[in-house]
Amino acid sequence: MKLLSRKATCNSHGQDSSYFLGWQEYEKNPYDEVRNPTGIIQMGLAENQLSFDLLESWLADNPEPAGFMRDGQSIFRELALFQDYHGLPAFKNALVDFMSEIRGNRVSFDPKKLVLTAGATSANETLMFCLAEPGEAFLLPTPYYPGFDRDLKWRTGVEIVPIHCTSANSFQITESALEEAYQTAQKRNLRVKGVLVTNPSNPLGTTLTRSELNLLLTFITSKNIHLISDEIYSGTHFSSPDFISVMEVLKDSACSTEVWNRVHIVYSLSKDLGLPGFRVGAIYSNDEVVVATATKMSSFGLISSQTQYLLASMLSDKKFTKHYISENQKRLKKRQEMLISGLLSAGIGCLKSNAGLFCWVDMRHLLSSKSFDSEMELWKKIVYQVGLNISPGLSCHCSEPGWFRVCFANMTEDTLDLAIQRIKKFVQTTANNYSQRSHPSVKNSRKKSLTKWVFRLSFDGREPEER
């Protein structure tokens with residue numbers, strides 16, 4: 001007789017993905033400027049650590065919320081006692097206002113349609129429970145966040161069918177790719193219940209265009225399915241083109257109420273405010289049944305009353321939020337440009353991006369062959385020899401080998417500079433080894449030309465600004 005459940009003994013969590021394996025290697029040998037200067041630098045973690053000083057400054061200027069005080073009186077008992085799963089009204093009001101502000105106040109959100117969850121992980125899983133049965137499917141454009149294999153599938157039994165996007169059009173979603181994914185699901189006898197997108201994209205660092213969003217709305221209308229827009233990176237948008245929320249497109253469209261009810265947004269403060277440890281997520285839906293059911297389910301992953309009280313005060317300070325959003329975007333842009341220019345100096349290009357905490361890096365020219373085996377071989381060299389943990393495209397279900405997600409906002413500027421120097425040294429060593437194998441008698445004369453060769457290959461013959 002089995003003493004444990006199938007869930008406990010199966011291997012469907014996704015923890016064996018190279019995405020998580022890279023983290024494990026980092027934890028065994030973490031870089032530290034003083035204690036372990038040759039250790040692995042963590043570039044596989046999409047955390048925003050660039051604006052903590054702004055948050056700490058606000059806390060220093062506003063000691064009452066952090067001390068659980070109101071008008072000079074302690075409210076510790078009030079916050080410590082039981083709170084129902086609807087959440088504190090003051091926090092929900094402040095959160096929807098912040099969501100609107102990030103979107104340029106072009107759309108507004110009703111706090112009655114907001115469900116609080118313990119982070120975006122919980123929000124996405126809760127929506128799966130609300131919208132699909134075990135064995136039904138959601139379509140996701142590739143490449144996508146590796147954690148979705150865990151968040152969407154593990155406990156719900158929902159299947160993921162990839163919408164294959166390619167570098168030929170900068171990985172944009174097309175009508176043919178949507179239809180092909182839908183047909184693939186049908187061939188597998190999977191009922192498609194919806195499409196889930198991240199906007200801005202993780203791992204691409206790009207925002208969906210208005211035409212892509214209109215295409216998605218047309219598609220879900222024709223198929224009578226749902227659309228989930230995971231917009232947890234909406235506040236990390238730092239350059240043109242502008243970030244457009246699906247709610248903005250819905251507002252400007254002639255979609256019926258029925259379609260409105262099938263569009264749902266996931267949000268979190270983990271990326272925009274850099275507070276993943278606070279576990280603050282949310283579902284926004286126009287469907288009353290989804291809101292009611294998700295609210296009941298939120299009992300399994302609530303946000304503490306203390307966290308809600310603190311953040312309600314912070315997000316209600318409009319002077320602070322305006323300054324934070326603007327300054328954080330400037331810092332992200334500067335840091336992204338630093339990574340891009342450093343990689344370019346090593347002959348490595350990136351997909352042109354305008355948001356997020358990472359770059360989608362093109363290392364196809366460094367592969368020994370056009371295969372995922374070669375990609376994994378290169379990834380292992382970068383982890384173990386170069387000392388950088390980056391996320392291989394295979395872990396993101398990319399259909400083309402040679403792409404990697406590289407994070408830039410979870411470290412100091414000096415650490416990022418060191419990471420760039422390491423990768424430059426690796427590329428140069430790889431180029432020299434190639435030169436010695438191919439033309440050992442003329443390796444010195446070929447050194448400069450080979451570096452240029454590596455640089456040209458990283459753009460597939462295109463100019464850098466076209467990437």
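Because only heavy atoms are used, hydrogens play no part in the values below, and waters and symmetry mates are left out as well, while side chains stay in. Just so we're clear, the structure is a prediction, and the values are computed from it rather than from any experiment. In this chain, numbering begins with 1 at the start of the sequence shown.
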Please evaluate residues Phe148 and Phe138 with respect to the criterion ring-ring contact (aromatic ring centres under 6.0 Å, His included), reporting the C-alpha separation (whole Å), side-chain torsions for both, the decisive distance (0.1 Å), and the verdict.
CA-CA 11 Å; Phe148 281 149; Phe138 262 75; over 10 Å; no
Quick one: do Lys28 and Glu25 satisfy salt bridge (Lys or Arg N to Asp or Glu O under 4.0 Å)? Show the steps, please.
CA-CA 5 Å; Lys28 294 175 186 175; Glu25 294 307 310; 3.0 Å; yes
So Asn199 and Asp230, side chain to side chain donor-acceptor pair (under 3.5 Å) or not? Walk me through it.
CA-CA 6 Å; Asn199 183 30; Asp230 185 331; over 6 Å; no
After noting the C-alpha distance and the side-chain angles of Trp403 and Phe171, does the key distance pass the ring-ring contact (aromatic ring centres under 6.0 Å, His included) rule?
CA-CA 12 Å; Trp403 293 88; Phe171 297 97; 5.3 Å; yes
If you apply the rule salt bridge (Lys or Arg N to Asp or Glu O under 4.0 Å), what do you find for Lys193 with Glu133, and how did you get there?
CA-CA 9 Å; Lys193 296 302 293 289; Glu133 300 289 350; over 6 Å; no
Using the side-chain contact (heavy atoms from CB on, under 4.5 Å) rule, take Arg279 and Ile303 through it: C-alpha gap first, then chi angles, then the decisive distance, then the call.
CA-CA 7 Å; Arg279 307 312 302 146; Ile303 306 169; 5.9 Å; no
Would you sort out whether Arg210 and Glu248 count as a salt bridge (Lys or Arg N to Asp or Glu O under 4.0 Å), showing the intermediate values?
CA-CA 9 Å; Arg210 186 175 289 271; Glu248 186 177 344; 3.4 Å; yes
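Formation of a donor-acceptor pair under 3.5 Å by the Thr218 side chain with backbone atoms of Asn214 is found in this model. Judged by distance alone, the side chain of Thr236 and the main-chain N or O of Gly356 form a donor-acceptor pair under 3.5 Å. A distance-only check finds no donor-acceptor pair linking the side chain of Ser298 to the backbone of Gly301 [under 3.5 Å]. No side-chain donor-acceptor contact under 3.5 Å links Ser122 to the backbone of Gly119.
Around atom CD of Glu288, no more than 12 heavy atoms belonging to other residues, nucleotides or ligands sit under 6.0 Å away.
Comment: Lys370 does not engage Glu400 in a salt bridge, judged by the lack of any side-chain N to carboxylate O separation of less than 4.0 angstrom. Between Lys223 and Glu179, at least one side-chain N (NZ, or NE/NH1/NH2) sits under 4.0 Å from a carboxylate O, which counts as a salt bridge.
Relative ring orientation between Phe243 and His237 is described as tilted, the plane-to-plane angle lying within the 30° to 60° band. Relative ring orientation between Tyr144 and His397 is described as parallel, the plane-to-plane angle staying below 30° on a 0-90° scale split at 30° and 60°.
Here the closest heavy-atom approach between residue Ala185 and residue Val161 is recorded as CB-CG2, 4.0 Å. The shortest heavy-atom contact between Gly87 and Leu116 is CA-CD1, 3.8 Å. Between Thr38 and Asn29, the closest heavy-atom pair is O-ND2, 4.4 Å. Shown here for Pro65 and Leu310, the closest heavy-atom pair between the two residues is CB-CD1, 3.8 Å.
Residues Ser285 and Lys113 fail the side-chain proximity criterion, which asks for heavy atoms closer than 4.5 Å. For the pair Gln83/Leu88, a side-chain contact is recorded, criterion being any heavy-atom separation below 4.5 Å from C-beta on. Between Pro200 and Thr206, the closest side-chain pair of non-hydrogen atoms is not below 4.5 Å. A heavy-atom distance below 4.5 Å is not found between the side chains of Glu136 and Glu159. The side-chain heavy atoms of Leu394 and Glu375, taken from C-beta on, include a pair separated by under 4.5 Å. Contact check for Cys165 versus Thr174: no side-chain heavy atoms found under the 4.5 Å cut-off. Two residues are said to be in side-chain contact when any heavy atoms from C-beta on lie closer than 4.5 Å; Leu388 and Val383 fail this criterion. Annotation: side chain of Thr295 is in contact with side chain of Val291 (closest heavy-atom distance under 4.5 Å).
Glu125 and Thr156 share no side-chain donor-acceptor pair at under 3.5 Å. Ser229 and Glu231 share a side-chain donor-acceptor pair at under 3.5 Å. Defined by atom type and a distance below 3.5 Å, a donor-acceptor pair is missing between the side-chain atoms of Asp242 and Thr207. Counting only N and O atoms by type, the side chains of Arg262 and Asn286 include no donor and acceptor under 3.5 Å apart.
Just one of Thr415, Ile390, Asn410 meets the side-chain contact (heavy atoms from CB on, under 4.5 Å) condition when paired with Gln42; it is Asn410.
For the pair Arg103 and Tyr267, the cation-pi test (distance below 6.0 Å, angle within 45°) is passed.
Remark: aromatic rings of Phe358 and Tyr233 are close, center separation under 6.0 Å.
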